[in-house]
Novice: 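One structure, pasted below without further comment.
Everything quoted here is computed from the prediction, not taken from an experiment.
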Amino acid sequence: PKAAELNDKLRGLSDIRFTDTNRVPHAFQPVARSKLRLGFIAVKTDGPYLVDVDGNKALDVSGSYGVNVCGYGAYKKFITQGIETTGDLGPNVLGPLHPCVFDILGHLTKISGLDEVSFHMSGTEAVMCAVRLCRFNKKRKLIVLIVQFVGAYHGWWDGVQPGPGNERLVHDTITLKDVDSASLDFIKIRGGEIAAVLVSPLQGLNPGSAPPSDLMLETKARTTADKDDKYRQWLAQLRAVCTESDVPLVFDEVYTGFRMAPGGAQEYYSVQADMVVYGKTLGGGVACGVVCGKKELMARFDPVHPLRVSYVIGTFAAAPMTLGPMHAFLQWATSKEAAAAYQAGTQNTSNFVKDTNAKMAAAGYPVRVDHLTTVWTVLFTSPGRYHWMFQYYMRAEGLALSWVGTGRCLFSLDFTKADYDAVQTKLLAAARRMTEDGWWWADVDPKYIKKAIAKEFVTAMFVPKFLRAKAA
């Protein structure tokens with residue numbers, strides 16, 4: 001098939017080699033690279049289905065990394081409407097702004113509850129802007145700490161990515177635990193040094209844990225937080241402590257903005273931040289990043305000290321090709337139609353989770369699902385070494401996943417009852433086939449798996465390759 005031929009050619013793309021390697025645990029990465037190569041060469045969409053070059057269809061639950069909130073058909077319309085709005089100006093007239101920017105500013109300040117807006121070209125870039133502006137305007141440079149919470153992802157910029165994936169030692173970032181009184185005490189005690197508290201509200205699904213990725217499926221069962229108001233209460237407490245300590249609270253809503261509700265996590269959790277970062281779906285199908293903030297946090301120059309500036313600017317920020325689709329998206333997002341669609345999407349996802357879990361339990365499969373609005377994740381009720389393989393069984397049944405596999409799945413708001421039922425059928429079929437192939441481990445002691453993994457890790461790190469080959 002043409003798809004297989006083109007898939008092999010993708011190996012020359014470093015992005016694909018990275019995702020191929022990092023979609024499974026370390027010990028199995030050589031197998032994934034050589035035997036389990038993935039790459040979907042898509043040519044069109046048909047509702048929530050992706051169609052490849054050979055005409056094969058896959059039901060998409062990847063959500064295009066969080067971008068696809070409304071459904072692919074809606075973004076095609078946003079692009080068309082955007083071109084109609086800004087077409088006479090052209091896509092790349094930079095410097096002058098199209099008049100639709102005034103509607104956009106009105107929508108964004110109202111939705112965010114904040115004073116000013118800054119345009120950028122990606123979510124990562126917008127986070128960089130937010131952090132830089134907080135440092136600049138709070139003037140806390142002796143020891144500047146950007147406080148974030150365990151497991152939260154704020155883009156690939158090394159300034160907010162301590163730990164694996166970042167070769168730079170990050171000395172001005174401290175990582176604290178979610179839903180923990182000690183974290184609040186830390187902010188109170190060292191508030192005079194902290195430029196901002198950076199929060200990813202998506203952590204409400206699994207606070208205090210790393211973003212659920214099949215790369216990390218090594219030994220434990222995967223679980224989520226209890227379904228209560230603890231995270232909502234935690235954010236309210238965090239808001240109060242930040243206000244008391246004069247520390248800006250920044251919501252990174254690149255993923256949750258316009259996903260959890262028209263007003264994002266701020267609306268969903270009833271918490272007002274001092275600065276909010278948006279991206280992904282806000283562009284209406286075009287790459288974008290936006291920072292909304294209080295006026296006193298958005299200044300980029302010091303009127304008293306002219307040489308003191310915070311240089312934040314970008315070539316394609318607020319380009320007509322971005323503003324047009326963004327304008328169309330915001331018109332939809334603020335409509336009564338959108339409000340009803342969000343409510344229905346959350347309820348339909350809740351129904352899907354409840355019914356799927358009942359059927360999984362009845363069949364005796366160690367698989368469950370859980371959700372936060374239309375974001376959902378696959379859980380495993382018992383430990384095992386091969387849970388990471390479930391993503392491949394799901395794909396074999398015709399589900400399209402992102403490179404993090406079963407950890408982050410999404411329903412777009414155009415999913416019908418038939419589409420939800422199709423996902424459930426494919427999930428159950430994948431669990432049945434994995435059971436038949438003997439990959440679930442029953443009554444296994446997690447300590448046994450941990451010892452095996454530790455041995456493999458030490459061998460890989462410290463035993464020369466030629467000795468490993470000889471021993472094998």
Novice: With the side chain counted from C-beta on, respond yes when V43 and D52 share a heavy-atom pair under 4.5 Å apart, and no when they do not.
Specialist: no
Novice: Taking R239 first and then D274, would you say they form a salt bridge - that is, a charged N and a carboxylate O separated by under 4.0 Å?
Specialist: yes
Novice: Do T374 and N348 come within less than 4.5 Å of each other through their side chains, counting heavy atoms only?
Specialist: no
Novice: Hey, can you pull the donor-acceptor pairs under 3.5 Å for the side chains in residues 83-96, sequence neighbours left out?
Specialist:
{"unit_1": "T85", "atom_1": "OG1", "unit_2": "Q81", "atom_2": "O", "d": "3.0"}
{"unit_1": "T86", "atom_1": "OG1", "unit_2": "G82", "atom_2": "O", "d": "3.0"}
{"unit_1": "T86", "atom_1": "OG1", "unit_2": "P320", "atom_2": "O", "d": "3.4"}

Novice: Kindly write out the residues that satisfy salt bridge (charged side-chain N to carboxylate O under 4.0 Å, His left out) with R368, not counting sequence neighbours, or none if the list is empty.
Specialist: none
Novice: Output, in order, the C-alpha distance, side-chain angles, deciding distance and verdict of side-chain hydrogen bond (donor to acceptor under 3.5 Å, both in side chains) for H120 and S122.
Specialist: CA-CA 6 Å; H120 304 279; S122 72; over 6 Å; no
Novice: With sequence neighbours left out, what residues match W157 under side-chain contact (heavy atoms from CB on, under 4.5 Å)?
Specialist: T124, M128, V131, R135, V160
Novice: Taking the side chain as everything from C-beta on, heavy atoms only, tell me whether L202 gets closer than 4.5 Å to M260.
Specialist: no
Novice: Looking at D414 and P48, what are the two nearest heavy atoms and their distance?
Specialist: OD2-N, 4.0 Å
Novice: Looking at Y420, F411, F415, which hits ring pair (Phe, Tyr, Trp, His ring centres under 6.0 Å) with W376?
Specialist: F411
Novice: Kindly compute the distance separating CG (L401) from CG (L399), expressed to the nearest 0.5 Å.
Specialist: 6.0 Å
Novice: Considering non-hydrogen atoms only, spot the tightest contact between L323 and A318 and give its length.
Specialist: CD1-O, 3.4 Å
Novice: Using 0.5 Å steps for rounding, measure from the OG1 atom of T346 to the OH atom of Y342.
Specialist: 9.5 Å
Novice: Measuring only between side-chain heavy atoms, which start at C-beta, is V423 closer than 4.5 Å to L59?
Specialist: yes
Novice: Taking H305 for the side chain and L307 for the main chain, is one N or O donor matched with an acceptor at less than 3.5 Å?
Specialist: no
Novice: State, with a plain yes or no, whether a side-chain heavy atom of R308 is found less than 4.5 Å away from one of K139.
Specialist: yes
Novice: Applying side chain to side chain donor-acceptor pair (under 3.5 Å), name anything that partners T416, two or more places apart in sequence or on another chain.
Specialist: D419
Novice: Output yes when K294 and D115 qualify as a salt bridge under the 4.0 Å nitrogen-oxygen rule, no when they do not.
Specialist: no
Novice: Suppose we screen for salt bridge (charged side-chain N to carboxylate O under 4.0 Å, His left out). Which residues come up paired with E397, at least two apart in sequence or across chains?
Specialist: R433
Novice: If we count only N and O atoms by modelled type, under 3.5 Å, do the side chains of E253 and T256 hold a donor and an acceptor together?
Specialist: yes
Novice: For T322 and F119: C-alpha separation, side-chain torsions, deciding distance, then whether side chain to side chain contact (heavy atoms under 4.5 Å, CB included) applies.
Specialist: CA-CA 10 Å; T322 303; F119 294 101; over 6 Å; no
Novice: Mind listing the closest non-hydrogen atom pair of I111 and P262 along with its distance?
Specialist: CG2-O, 3.8 Å
Novice: Do R395 and F390 meet the cation-pi criteria used here (NZ or CZ under 6.0 Å from the six-membered ring centre, within 45° of the axis)?
Specialist: no
Novice: Regarding R408 and S402, do their side chains bring together a donor and an acceptor under 3.5 Å, going by distance alone?
Specialist: no
Novice: Give me each pair satisfying ring-ring contact (aromatic ring centres under 6.0 Å, His included) with a member in residues 265-304, each pair once, sequence neighbours excluded.
Specialist: Y231-Y269, F258-Y278
Novice: Minimum heavy-atom separation for V304 and P306, please, with both atom names.
Specialist: O-CD, 3.5 Å
Novice: To the nearest 0.5 Å, how far apart are CG in L205 and OG in S200?
Specialist: 11.0 Å
Novice: So if I apply the side-chain contact (heavy atoms from CB on, under 4.5 Å) rule between L105 and each of L108, V101, D103, which one comes out positive?
Specialist: V101
Novice: Got F28 and M389 here, is their nearest side-chain heavy-atom distance under 4.5 Å?
Specialist: no
Novice: Side chains of N137 and E296 only: does a donor on one sit below 3.5 Å from an acceptor on the other?
Specialist: no
Novice: Okay, side chain of T377, backbone of D370: is any donor-acceptor separation there less than 3.5 Å?
Specialist: no
Novice: To the nearest 0.5 Å, what is the distance between OG (S270) and CG (L235)?
Specialist: 10.5 Å
Novice: Could you tell me if the side chain of I187 sits less than 4.5 Å from the side chain of V197, heavy atoms only?
Specialist: yes
Novice: Can you name the residues that form a side chain to side chain donor-acceptor pair (under 3.5 Å) with N351, not counting sequence neighbours?
Specialist: Q347
Novice: Please name the pair of heavy atoms, one in L372 and one in P201, separated by the smallest distance, quoted to 0.1 Å.
Specialist: CD2-O, 4.4 Å
Novice: Would a 4.5 Å heavy-atom cut-off, applied to side chains only, mark V378 and H387 as touching?
Specialist: no
Novice: Determine, stepwise, if the pair C134 / V250 fulfils side chain to side chain contact (heavy atoms under 4.5 Å, CB included).
Specialist: CA-CA 9 Å; C134 285; V250 180; 3.9 Å; yes
Novice: Could you verify whether a donor N or O on one side chain and an acceptor N or O on the other, from Q266 and Q272, lie under 3.5 Å apart?
Specialist: yes
Novice: The criterion is side chain to side chain donor-acceptor pair (under 3.5 Å); which residues satisfy it with T373, sequence neighbours excluded?
Specialist: none
Novice: Show me, pair by pair, the donor-acceptor contacts under 3.5 angstrom made by side chains of residues 69-80, not counting sequence neighbours?
Specialist:
{"unit_1": "Y72", "atom_1": "OH", "unit_2": "D60", "atom_2": "OD2", "d": "2.5"}
{"unit_1": "Y72", "atom_1": "OH", "unit_2": "S64", "atom_2": "OG", "d": "2.8"}
{"unit_1": "Y75", "atom_1": "OH", "unit_2": "V67", "atom_2": "O", "d": "2.9"}
{"unit_1": "Y75", "atom_1": "OH", "unit_2": "V69", "atom_2": "N", "d": "2.9"}
{"unit_1": "Y75", "atom_1": "OH", "unit_2": "C70", "atom_2": "N", "d": "3.3"}
{"unit_1": "Y75", "atom_1": "OH", "unit_2": "T281", "atom_2": "OG1", "d": "2.5"}
{"unit_1": "K76", "atom_1": "NZ", "unit_2": "T45", "atom_2": "OG1", "d": "2.9"}
{"unit_1": "T80", "atom_1": "OG1", "unit_2": "K76", "atom_2": "O", "d": "3.0"}

Novice: Distance only, no hydrogens: is a donor on one side chain within 3.5 Å (strictly under) of an acceptor on the other, for Q391 and T406?
Specialist: no
Novice: Using the salt bridge (charged side-chain N to carboxylate O under 4.0 Å, His left out) criterion, which residues pair with D158? Sequence neighbours excluded.
Specialist: R168
Novice: Going by the rule side chain to side chain donor-acceptor pair (under 3.5 Å), which residues pair with K57 if we only count those two or more places apart in sequence or in a different chain?
Specialist: D46
Novice: Where is the tightest heavy-atom contact between G191 and V247, given as atom of each residue plus distance?
Specialist: O-CG2, 3.5 Å
Novice: The test is side chain to side chain contact (heavy atoms under 4.5 Å, CB included); show your working for H371 and F352 and say whether it passes.
Specialist: CA-CA 10 Å; H371 77 112; F352 162 83; over 6 Å; no
Novice: Between R300 and L133, does the side chain to side chain contact (heavy atoms under 4.5 Å, CB included) criterion hold? Intermediate values first, please.
Specialist: CA-CA 7 Å; R300 303 186 199 182; L133 290 180; 3.7 Å; yes
Novice: Please enumerate all residues that pass side-chain contact (heavy atoms from CB on, under 4.5 Å) together with K2, with sequence neighbours excluded.
Specialist: L6, V53, D54
Novice: About how many Å separate CE of M360 and CG of L379, when rounded to the nearest 0.5 Å?
Specialist: 10.5 Å
Novice: Checking the side chain of R259 only, and the main-chain atoms of L410 only, is there a donor and an acceptor separated by less than 3.5 Å?
Specialist: no
